[in-house]
2 protein chains.
Amino acid sequence: MNVTIYDVAREANVSMATVSRVVNGNPNVKPATRKKVLNTIERLGYRPNAVARGLASKKTTTVGVIIPDISSIFFSELARGIDDIATMYNYNIILSNSDQNKDKELRLINTMFEKQVDGLIYMGAAITEDHVNQLKTSPVPVSLAATVDASNTIPSVNIDYEIAAYEATTLLIQNGTTHPIYVTAEDEDSAVSERKYSGYVRAIKEANQSVNEEYIIQADYSYESGMEAAEEILNMNDYPKAVFVSTDEMALGVIHGFQDKGVQVPEDIEVVGFDNTRLATMVRPTLSTVVQPMYDIGAVAMRLLTKFMNNEKVDEQNVVLPHRIVERNSTKAE
Amino acid sequence: MNVTIYDVAREANVSMATVSRVVNGNPNVKPATRKKVLNTIERLGYRPNAVARGLASKKTTTVGVIIPDISSIFFSELARGIDDIATMYNYNIILSNSDQNKDKELRLINTMFEKQVDGLIYMGAAITEDHVNQLKTSPVPVSLAATVDASNTIPSVNIDYEIAAYEATTLLIQNGTTHPIYVTAEDEDSAVSERKYSGYVRAIKEANQSVNEEYIIQADYSYESGMEAAEEILNMNDYPKAVFVSTDEMALGVIHGFQDKGVQVPEDIEVVGFDNTRLATMVRPTLSTVVQPMYDIGAVAMRLLTKFMNNEKVDEQNVVLPHRIVERNSTKAE
DNA sequence: GTGAAAGCGCTAACAA
DNA sequence: TTGTTAGCGCTTTCAC
């Protein structure tokens, strides 16, 4: 049997309440008794049981994190931002991978509630009605990180994907390609993908072009699918000389796909990515890309959650962080 | 107030015990009553409270995971392996980043115990005596993943780092360089680093060379430090024409550091990495490297932990997984 | 097959 | 400043 608060109380000749007070830093304890208690805690090697504490206080100081895939270079960066802020506010994280599988997502949300998390951070491409329903009946605060809920009803932290994609596409247009190619990994129902797409389309239309479906290539987030996209592009006759890729990892694949066929980037064709993961500087040529502050999105989402958990006032529950474009060497200098 | 097992019992005209039985799939319940209970659970929207359950049963079905940095491409892959097997055995994961900071590590271990995890998976470079002491008094099973405890007293899953480094170095020697350079990120007290180093040294000695300290370069795990190492190498006069780098990410830095100065890999100088992270195929030339099965290490470590948690018999508590070397294009073909 | 009741280890009134 | 006591929501004997 482990040593409990009761053992400490008995050995220190005080009540459980007093022990509880010193453990919780309650100031209403005479310094002398505090010291006495602290000593016997030390002596017995007492370690508070967080589960019992959670049952009694209805607070677990842990938050749930549902993430598509922690091994993704994009999401793991987000997760780090979440954990750092969580640690700062004395929370721990229960982390689960969903693989963007709807059933699993719904099941995980439920598991998190069963485990009595004090809050939930959710990441995932598609926020369906079922998601919204389950999330809206949540017993605890929820915040979305890098995932947009079209109904705008759940707190979230994002960048403006539409404008970001518009700007990336426009950069390419200004550099001389009237209808850049778009390589995307469209998930069904993904509001993020939708917004990137519509930013892309808007840029094309503003350049007085009508959108050519042939120039929109479906890939699947992987590096390899980027390489395949490159091949597909080279097989077109008279293809546009610029491509906008919706994630950095695929963009690396596109670049290498070109290079492997002897096509030079950016001389023969330009490439811009999205996210600015660490990969962007780990290629040659270095990748021009849209900077999405992943760590910050995670950190801010967690901070937002703490505000809800502490009933602090929040001004704006749908935070939009700034983005920008870094021009590196995969696009032509002006 | 939430709906509890007591509410369900009352509404279904049975005892709490019976409700508990159906919730836990205990067969000793008449099908009719089971159905009745299930119906009222559904009707009331009852959701078991895992915290209360944990307090009563002394099992939380969650395991702690202490990891140096989840945003690392190496560790996030390990974490994925851990979570997948955890999910398979119905556990959740409490994940915390330690940054390999000893105080934080020790504190985190304690927090995990307070939270009453059923087991603990630990990753970290240095297993000091303090670590061993704290881990040995653990109330629950522990397993180390990709981290070696020199005292060999804690269950672990690893590859043989000494042999792996020996083989990588030997490959370079056989390709014609008698004393390859070694770029490492030596942590103090890191048994893994130590073993890699000693494999490297053994290979050099077997080639009848004495080790030249000048050819051992300290970096810090980062891509940038790899680039700096490359520069340092190019500044040596008459440097060896092969370098063994102790992680893939640094190896990419080394390759690009060379290329940025117009030095060709592998024609002018060969490079081999370590780990075989996804990065290894995302460079040009693709990286020859030591394959460390990161996902599997995580998965096996978690599986090992489940065995301990279920009191299954385990034959070997220090598992050594196979490794191999993939020769890609950063080394010369035979 | 089902129920009664005693905890699990702690917090949080409330009293003193 | 300190102690008493009633739960928190569940599991788990032990009876029946």
Side-chain angles (χ1 to χ4, degrees), chain A residues 1-38 40-41 44-62 90 110-111 113-118 139-140, chain B residues 1-38 40-41 44-62 90 110-111 113-118 139-140:
Chain A
M1 186 53 54
N2 234 309
V3 17
T4 72
I5 202 175
Y6 176 78
D7 300 322
V8 176
R10 182 170 32 74
E11 291 288 313
N13 283 312
V14 296
S15 69
M16 289 166 53
T18 298
V19 179
S20 177
R21 286 188 190 99
V22 348
V23 168
N24 292 295
N26 184 318
N28 294 334
V29 182
K30 199 162 38 169
T33 50
R34 175 187 308 282
K35 190 165 178 213
K36 183 173 61 176
V37 171
L38 251 16
T40 99
I41 283 178
L44 302 187
Y46 167 69
R47 175 187 289 148
N49 179 325
V51 171
R53 209 196 280 234
L55 183 59
S57 69
K58 299 177 170 306
K59 297 216 160 316
T60 55
T61 65
T62 104
N90 250 292
N110 195 54
T111 303
F113 293 159
E114 287 189 358
K115 297 243 166 164
Q116 311 299 120
V117 294
D118 292 339
V140 294
Chain B
M1 186 53 54
N2 235 308
V3 16
T4 74
I5 201 175
Y6 176 77
D7 300 322
V8 176
R10 183 171 30 73
E11 291 287 314
N13 283 312
V14 296
S15 68
M16 289 166 53
T18 298
V19 179
S20 177
R21 286 189 189 98
V22 348
V23 168
N24 292 295
N26 184 316
N28 294 333
V29 182
K30 197 162 40 166
T33 51
R34 175 185 307 283
K35 188 161 180 217
K36 182 171 60 173
V37 171
L38 251 16
T40 102
I41 283 179
L44 302 187
Y46 168 70
R47 175 188 290 148
N49 179 325
V51 171
R53 208 196 281 233
L55 182 59
S57 68
K58 296 175 172 309
K59 298 219 162 312
T60 55
T61 63
T62 102
N90 249 294
N110 195 54
T111 303
F113 293 160
E114 288 189 356
K115 297 243 166 163
Q116 312 298 121
V117 294
D118 292 339
V140 293

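The sequence lines fix the lettering, A, B, ..., with proteins before strands; numbering per chain opens at 1. Only heavy atoms go into these numbers, but all of them, side chains included; no hydrogens, no water, no symmetry mates.
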Output the single nucleotide from [options] whose closest atom is nearest the side chain of [X].
| X | options | answer |
| --- | --- | --- |
| B:A17 | C:dA4, C:dG7, C:dG9 | C:dA4 |
| B:N49 | D:dT2, C:dG9, D:dC10 | D:dC10 |
| A:V14 | D:dG3, D:dT12, C:dG9 | D:dG3 |
| A:K58 | C:dT11, C:dC8, D:dC8 | D:dC8 |
| A:K30 | C:dT2, D:dG9, D:dT2 | D:dT2 |
| A:N28 | C:dG9, D:dT2, C:dG1 | D:dT2 |
| A:S57 | D:dT2, C:dA12, C:dC10 | C:dA12 |

Exercise: identify the closest heavy-atom pair between B:T4 and B:D7:
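B:T4 and B:D7 have their closest heavy atoms at N-OD2, 2.8 Å.
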
Measure across A:S15 and A:A9 and return the closest heavy-atom pair with its distance rounded to 0.1 Å.
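Closest pair (atom of A:S15, atom of A:A9, distance): C-CB, 3.7 Å.
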
Do A:Q116 and B:N49 make a side-chain contact, defined as non-hydrogen atoms from C-beta onward lying under 4.5 Å apart?
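Yes; the side chains approach each other to less than 4.5 Å.
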
Decide yes or no, distance alone: a donor-acceptor N/O pair under 3.5 angstrom between the base of D:dG3 and the side-chain of A:R21.
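Donor-acceptor pair under 3.5 Å: yes.
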
Roughly how many Å is it from [atom1] in [X] to [atom2] in [N], rounded to a whole number?
| X | N | atom1 | atom2 | value |
| --- | --- | --- | --- | --- |
| A:N26 | D:dT1 | CG | P | 10 Å |
| A:L44 | C:dG9 | CG | P | 15 Å |
| B:E114 | C:dG9 | CD | C1' | 13 Å |
| B:K59 | D:dC10 | NZ | C1' | 15 Å |
| A:R53 | D:dG9 | CZ | C1' | 19 Å |
| A:K115 | D:dC10 | NZ | P | 15 Å |
| B:L55 | C:dT11 | CG | P | 12 Å |
| B:R10 | D:dG9 | CZ | P | 13 Å |

Could you tell me whether the side chains of [X] and [Y] share a donor-acceptor contact shorter than 3.5 Å?
| X | Y | value |
| --- | --- | --- |
| B:N26 | B:R34 | no |
| B:T61 | A:K115 | yes |
| A:N110 | B:R47 | yes |

Would you say [N] has OP1 or OP2 under 4.0 Å from some side-chain N or O of [X]?
| X | N | result |
| --- | --- | --- |
| A:N2 | C:dG9 | no |
| B:Y46 | D:dC10 | yes |
| A:S20 | C:dT11 | yes |
| B:T4 | D:dC8 | no |
| B:T18 | C:dG3 | yes |

By nearest nucleotide on DNA chain C, pick out whichever of B:S15 and A:I5 is the more 5' one.
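It is B:S15, whose closest nucleotide lies nearer the 5' terminus.
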
